[in-house]
Amino acid sequence: MISLVTLIISTLLIMGILYEYFESQLKKQLQTEADYIGAAVLTEGISYFDNIDTNERITLIAPDGTVLADTAADSSALENHIDREEIRLALQNGRGTSVRYSDTFTQRTVYYAVRLANGNILRVSARQYTVVTILLKLVQPIAVIVLFAVLASAILSARVSKAVLDDEEREKRERMRSEFTSNVSHELKTPLTSISGFAEMLMLGDADKETVADFSRSIYDESQRMISLVQDILRISELDEKMQFEPEDVDLYELAEEIMECLRPEADKMQVRLRVIGEHISINGVRKIIYEMLYNLCDNAIKYNRPNGLAEVGIYEKENTVLLTVRDTGIGIAKEEQERVFERFYRVDKAHSRAIGGTGLGLSIVKHGALYHRASIQIESEKDKGTNITVCFPKK
Ligand code: ADP
């Protein structure tokens with residue numbers, strides 16, 4: 001749009017300036033011609049008109065306005081010219097010029113008249129296209145230039161906006177990285193402070209056997225928490241760095257059963273029933289990443305469940321996609337939190353998550369894994385009813 005408007009304005013300006021210039025040139029030319037032809041008519045008389053060959057119209061007019069000779073028409077048929085502006089001016093001042101438009105306004109005629117020594121008036125005229133006609137005649141080349149200008153500006157602006165977007169993307173990544181670093185440090189500091197506190201108390205050596213056992217368990221628990229945190233961070237960085245993994249055909253049903261077996265002790269502890277339903281469907285993907293995704297989803301479905309609840313994995317095919325859903329009958333997630341739970345370190349209930357060994361990175365790993373596989377994620381959840389998270393993989 002900008003280039004189009006600029007082009008139109010500059011075309012009009014250039015046309016205007018050039019038109020002015022050519023008009024003044026034309027007038028000068030007509031003046032010179034009128035002087036030369038006037039001199040010739042004075043010496044040769046009216047016979048000068050008999051063998052003249054010109055594209056321009058030359059007219060000889062008597063002081064009373066009668067047309068004596070004309071190169072473009074029969075002079076006897078022409079009406080009296082006394083009221084023509086250029087003639088009037090020439091009779092008064094010796095020279096006169098005027099411009100008149102044709103009926104269609106597509107052309108205008110510039111007249112130049114000069115009074116000769118014998119009192120007759122010699123008039124020369126030339127036709128000139130109007131700006132509108134010139135523009136109409138130039139429609140085709142102008143259209144080509146417009147097309148070129150629009151294309152060139154589209155390419156240039158695409159490049160500029162890509163550069164701006166790249167800069168913004170780089171800044172965003174930088175911000176996210178520094179946020180991540182500060183979050184990681186904070187998350188690691190909490191268990192480390194506890195470990196250091198318990199170890200310090202053990203160092204004093206005055207605790208009884210029971211307290212020593214308690215402290216040692218706490219140190220063990222906190223270190224386990226740190227280990228899972230570091231493992232999750234490593235997984236996230238692997239996905240962040242866009243490492244190249246070898247894809248293979250992965251049977252989602254078999255994978256779900258394998259994960260359910262792994263999580264059975266935890267599910268038994270929480271009194272949660274496990275179930276895999278659907279079909280044996282394979283997708284081409286990175287087994288390690290899909291395993292992490294499904295593991296985290298199932299782990300959450302158990303962790304945030306209730307006694308006698310259900311955690312269920314379903315595998316289906318729909319149109320050109322393979323759907324992997326993990327459904328639970330647990331505590332659910334409020335509507336306003338549903339997008340945020342996929343952010344790094346975001347937990348709805350921080351204390352609860354920590355108490356059950358959460359790192360706040362599980363769903364972030366799921367999101368990154370989905371991105372890696374060009375899959376989309378949908379979440380449906382109702383507070384106190386349960387959650388249903390679906391990962392939608394493209395079939396190919
Ligand atoms: P965490 O390690 O804390 O489980 P996640 O990234 O896996 O971290 O999940 C983020 C938060 O989302 C959790 O802390 C929890 O509050 C909420 N959440 C995740 N899955 C579920 C679920 N199935 N039911 C209810 N809340 C969930």
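As the structure lists them, so they are numbered: ligands from 1, and atoms in each ligand from 1. Everything numeric in this text was worked out from a predicted model, so none of it was measured.
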- Are Glu222 and Arg225 close enough for a salt bridge, meaning some N to O gap below 4.0 Å? yes

- Ion pair check, Asp221 and Arg217, cut-off under 4.0 Å: yes

- Query: Between Thr193 and Ser196, is any side-chain donor less than 3.5 angstrom from a side-chain acceptor?
  - Reply: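 Thr193 vs Ser196: no donor-acceptor pair found between side chains.
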
- Task: Tell me the residues surrounding ligand 1, counting only those with a heavy atom closer than 4.0 angstrom, sorted by chain and number.
- Result: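 Heavy-atom contacts below 4.0 Å: Asn300, Lys303, Tyr304, Asp328, Ile331, Gly332, Ile333, Val341, Tyr346, Arg347, Val348, Ser353, Gly358, Thr359, Gly360, Leu361, Gly362, Leu363, Thr387.
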
- Item | Results of side-chain hydrogen bond (donor to acceptor under 3.5 Å, both in side chains) for Gln29 - residues two or more places apart only | Glu33

- Query: Relative to the ring of Phe393, is the ring of His373 parallel (under 30°), tilted (30 to 60°) or perpendicular (over 60°)?
  - Reply: perpendicular

- Query: Taking the inter-plane angle between the rings of His280 and Tyr253 on a 0 to 90° scale, is it parallel (under 30°), tilted (30 to 60°) or perpendicular (over 60°)?
  - Reply: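 It falls in the tilted class, 30° to 60°.
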
